[in-house]
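In what follows, a single structure is set out as structure tokens and then discussed.
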Amino acid sequence: MRHTITDDLVQTRQEWTETYRRLAEQPGRTVLRRRLLHLSRQLAEERLTPAERAELRLRARQGGGAS
């Protein structure tokens, strides 16, 4: 079954990347760690194939939007 990468999923990945970046700049921030864990769980629930994960990362870097 092919998974559809929705704009919401791309947005979640963008938020994950931004939160990860902010946490790297400000280590030890509990709020950021909790947000990153929450977003990670949301992304993990999607059960994407490796190719779909790569497509999601690419679309998130490009600013989202449907292909």
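- Rounded to the nearest 0.5 angstrom, L32 CG and L37 CG are separated by 11.0 Å.
- Atom CZ of R33 sits about 13.0 Å away from atom OG of S40, to the nearest 0.5 Å.
- A donor-acceptor pair shorter than 3.5 Å can be found between the side chains of Q11 and E15.
- For the residue pair Q62 and R59, no side-chain donor N or O sits within less than 3.5 Å of a side-chain acceptor on the partner.
- In this structure, R13 contributes its side chain and R57 its backbone to no donor-acceptor pair below 3.5 Å.
- Within 6.0 Å of the CZ atom in R21, the count of heavy atoms belonging to other residues, nucleotides or ligands exceeds 12.
- Between T17 and Q14, the side chains place no donor N or O within less than 3.5 Å of an acceptor N or O (distance only, hydrogens not considered).
- Side-chain contact between L43 and L48 is absent, with no heavy-atom pair separated by less than 4.5 Å.
- For the atom pair OG1 (T19) and CZ (R34), the distance works out to 14.5 Å, reported to the nearest 0.5 Å.
- Taken from CD in E45 to CG in L9, the straight-line distance is 11.0 Å, to the nearest 0.5 Å.
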